Amino acid sequence: MPYPETFTGFQVNGPETWTEFHKNEFQPKPFGDYDVDIKIEACGVCGSDVHTISGGWGAQHFPLAVGHEIIGTAIRVGSKVSLIKEGQRVGVGAQSYSCLDCRQCKNDNETYCQKQLDTYGAKWPDTGIVSQGGYSSHVRTHEHWVFPIPDALPSTVAAPMLCAGLTAYSPLVRNGCGPGKKVGIVGLGGIGHLGLLFAKALGAEVWAISRTHSKEADAKAMGADGFLATSDRDWNVPHKMTFDLIINTANSFEGFDLDAYLSLLDIHAKWVSVGLPEDDGIKVRNQTFLTNGCFFGSSHLGSRKEVLTMLQLAADKGIKTWVQEVQISKENLAETLTKLHNNDVRYRYCLTGYEEQFGA
C-alpha cells in the first residue's frame, strides 16, 4: 500500500476565527531516516491548543492544525529507526525534535534542548515547513519522540498523559514525590487531575487545592487524602509548613495569593508551576521566601525515559484519565474548544472517530 504523500487536518486560519476549522490537505516535512509516520486514532484536547489558536500566546504560523496528545499506529518507519516497529500502537506528545547531542539531551533533559521543536506550530529549520498537530489524519515525528503504548492503556486514556500527564509526572518524580511525602496539587483540571492520580500512585499523601469545594467529591474519588478550598477563611493556617512539594497547575493567577500558598511549604520545600496563564503572571517578593526558605520554579514536559516509566506506571496501577470522548469534526471542534476556553470540562476531552473523517 503506498504511503500518503500529503496529510489532512482540521486547521485554523488565525486567531480572529479560532473556532472555525477547515479540513485541508498539508505537506509534512520530508520523510527522514529516523522518522515515523503515524495514522492517528485519538488525540487529547489540551489548553495549549486554545491558547495557541486564540492568540493568547502571541503570533503563530497559520494555517495550523493543533493537538499534541496523539495516539495512533506506526505505518511507516525510516531506515535507521530502531525504537519503533511498523504496526505498533504509539503516541506523540508536545515535542517532536531535539538535537540528541547536547549536554541536556545526553542527560535525559532533552525537553530542554535549545534546538527543541514543538509537535505543532514549529518551523522546521531546513525547509520552513510548519509542523502540524493531531487534529489530523497523520503525524510525522522523529522516533525519539514516538512512544510505544502499553496494551493495558486504552487509547483515550493514554492520549492525555502524553502532555498533561507528563507535565505533572516529571516534576513529581524529579522532586521526590513518594511514600512519606505530603504533596499538594493546585488546580484540578487536565494536568491537575493527572498530577493527583500520579502522585497517589507514587505513594505520596496527596492534597488537592482548589478555589472552591465544587470538585472536592471528584478529588476524593481520584484518591486525594485531603482537599483545601482557598475560598475558605484561613484555609492555609492548619497546614502551614507541612508540605514537601506543591505542583501548581492553575491556568490563571487572578486573585492568586502566592504568599498563602507558599506558606504551606516546609523548609526548603519546592513549589513548581507548570500552568502557563496568558496574563502577566504574579509579582514575587523576596520576603515571600524568607519564612521557610522555599524554592520556586517550573518544569517543561519530560524526557523520553520519563514518558515510558509514566505509561508503565499507569498500566501497572490501573490509572485512568477522566476523559470525555468527542467525535472529531468541524462542528465538534468548535464546540469543544469553546467549552475548554470556558473551563467546561471534567477533566480532559479526547478526540476520536478519525476513521470516519479521514478514512484508511
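Along the sequence shown, residues carry numbers from 1. All values derive from a computational prediction rather than experimental measurement.
Sorted pairs that involve residues 144-155 and meet salt bridge (charged side-chain N to carboxylate O under 4.0 Å, His left out), not counting sequence neighbours, are lacking altogether. For residues 36-55, the pairs satisfying ring pair (Phe, Tyr, Trp, His ring centres under 6.0 Å) are H51-W57, with sequence neighbours left out. Pairs of residues two or more places apart, or lying in two chains, that qualify as salt bridge (charged side-chain N to carboxylate O under 4.0 Å, His left out) and include a residue from residues 289-316 are D108-K305, R174-E306. A side-chain hydrogen bond (donor to acceptor under 3.5 Å, both in side chains) check over residues 65-75, counting only residues at least two apart or in different chains, returns the pairs E69-R348. Within the structure, side-chain hydrogen bond (donor to acceptor under 3.5 Å, both in side chains) pairs that include any residue of residues 195-205 comprise K200-D225, E205-W207 (at least two apart or interchain). Residue pairs meeting the salt bridge (charged side-chain N to carboxylate O under 4.0 Å, His left out) criterion with at least one partner in residues 49-63, sequence neighbours excluded, do not occur; the list is empty. Counting only residues at least two apart or on different chains, the salt bridge (charged side-chain N to carboxylate O under 4.0 Å, His left out) pairs with a member in residues 80-94 are D33-K80.
With T119 contributing its side chain and G93 its backbone, the two residues share a donor-acceptor pair below 3.5 Å. Remark: the backbone N or O of T338 is paired with a side-chain donor or acceptor of N342 at under 3.5 angstrom. In this structure, S170 contributes its side chain and T167 its backbone to no donor-acceptor pair below 3.5 Å. With T288 contributing its side chain and R285 its backbone, the two residues share a donor-acceptor pair below 3.5 Å. Remark: the backbone N or O of D35 is not paired with any side-chain donor or acceptor of E143 at under 3.5 angstrom. In this structure a side-chain-to-backbone donor-acceptor pair under 3.5 Å is present from S131 to D118. With hydrogens and angles ignored, the 3.5 Å screen pairs no side-chain donor or acceptor of H142 with any backbone N or O of Y97. Between the side chain of R140 and the main chain of K29, a donor-acceptor pair closer than 3.5 Å is present. Between the side chain of S303 and the backbone N or O of N109, no donor-acceptor pair lies under 3.5 Å.
Taking the side chain as every heavy atom from C-beta outward, L264 and I246 approach each other to under 4.5 Å. Side chains of L351 and E325 form no contact here, defined as non-hydrogen atoms less than 4.5 Å apart. Looking only at side-chain heavy atoms (C-beta outward), V157 and T321 come within less than 4.5 Å of each other. Between L166 and L194, every side-chain heavy-atom pair lies at or beyond the 4.5 Å cut-off. Within the 4.5 Å cutoff, the side chain of Y135 has heavy atoms near those of the C43 side chain. Between Y120 and S48, some side-chain heavy-atom pair lies under the 4.5 Å cut-off. Considering only heavy atoms from C-beta on, I328 stays 4.5 Å or farther from T352 through its side chain. Residues W18 and V50 are in side-chain contact: their nearest non-hydrogen atoms beyond the backbone lie under 4.5 Å apart.
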Scan the side chains in residues 184-193 for donor-acceptor partners under 3.5 Å anywhere in the protein, sequence neighbours excluded, and list what turns up.
{"from": "H193", "atom 1": "ND1", "to": "G189", "atom 2": "O", "distance (Å)": "3.0"}
{"from": "H193", "atom 1": "ND1", "to": "G190", "atom 2": "O", "distance (Å)": "3.0"}
{"from": "H193", "atom 1": "NE2", "to": "W322", "atom 2": "N", "distance (Å)": "3.1"}

Listed pairs under 3.5 Å, donor-acceptor, residues 233-241 side chains, sequence neighbours left out:
{"from": "N236", "atom 1": "ND2", "to": "S263", "atom 2": "OG", "distance (Å)": "3.0"}
{"from": "H239", "atom 1": "ND1", "to": "K182", "atom 2": "NZ", "distance (Å)": "3.0"}

Margin query: Is there a salt bridge (charged side-chain N to carboxylate O under 4.0 Å, His left out) between K39 and E355? Walk through the geometry before answering.
Written below: CA-CA 10 Å; K39 183 177 184 292; E355 194 75 28; 2.8 Å; yes
Notebook entry, point to check: Would D232 and H213 count as a side chain to side chain donor-acceptor pair (under 3.5 Å) if you check the C-alpha gap in whole Å, the side-chain angles of each, and the deciding distance to 0.1 Å?
Noted result: CA-CA 9 Å; D232 289 351; H213 288 276; 2.7 Å; yes
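There is no side-chain donor-acceptor pair under 3.5 Å between K23 and Q11. Neither side chain, Q327 nor N332, offers a donor N or O lying under 3.5 Å from an acceptor on the other. A side-chain donor from one of T6 and E25 sits under 3.5 Å from a side-chain acceptor of the other. Between Q104 and E110, the side chains place no donor N or O within less than 3.5 Å of an acceptor N or O (distance only, hydrogens not considered). Under 3.5 Å, the side chains of Q60 and T52 contain no donor-acceptor pair of N or O atoms.
In this structure, E5 places its CD atom where only 12 or fewer heavy-atom neighbours from other residues, nucleotides or ligands lie under 6.0 Å away. Annotation: K115, atom NZ; neighbour count of heavy atoms from other residues, nucleotides and ligands within 6.0 Å does not exceed 12. In the displayed structure, K320 atom NZ is contacted under 6.0 Å by more than 12 heavy atoms of other residues, nucleotides or ligands. More than 12 heavy atoms of other shown residues, nucleotides or ligands fall within 6.0 angstrom of atom CD in Q287.
By the 30° and 60° cut-offs, the orientation of the rings of F296 relative to W271 is parallel. Taking the six-membered ring for Trp and thresholds of 30 and 60 degrees, F198 and Y169 have ring planes more than 60 degrees apart, a perpendicular arrangement.
Residue V146 forms a side-chain contact (heavy atoms from CB on, under 4.5 Å) with just one option from I38, D37, V77, I70, and that option is I38.
Taking both residues in full, the closest heavy atoms of P15 and F62 are given as CD-CE1, 3.6 Å, listed atom of the first, atom of the second, then distance.
In this structure, I319 CD1 and L197 CG are separated by 6.5 Å, a value rounded to the nearest 0.5 Å. Note that CG of L196 and CG of D218 are 10.5 Å apart. Values are rounded to the nearest 0.5 Å. Between C105 atom SG and H144 atom NE2 the span is 7.0 Å, to the nearest 0.5 Å. For the atom pair CD (Q324) and OH (Y347), the distance works out to 10.0 Å, reported to the nearest 0.5 Å. Between atom CG of residue L245 and atom CG of residue L265 there is a gap of 8.0 Å, rounded to the nearest 0.5 Å. Considering NZ of K270 and CD1 of I247, their distance stands at 10.0 Å, rounded to 0.5 Å.
Annotation: Y261 is in aromatic contact with F256 [ring centroid separation under 6.0 Å]. If you look at F10 and F358, their ring centroids are closer than 6.0 Å.
The hydrophobic clustering, which links ILVMFWY residues whose side-chain heavy atoms are closer than 4.5 Å, places L83 and W145 apart.
For K106, the side chain to side chain contact (heavy atoms under 4.5 Å, CB included) test picks out D101, with sequence neighbours left out. In this view, S214 and T212, R346 satisfy the side chain to side chain contact (heavy atoms under 4.5 Å, CB included) rule, not counting sequence neighbours.
Other members of the hydrophobic cluster containing F26, listed by chain and number, are F7; membership follows side-chain contacts under 4.5 Å among ILVMFWY residues, whether direct or relayed.
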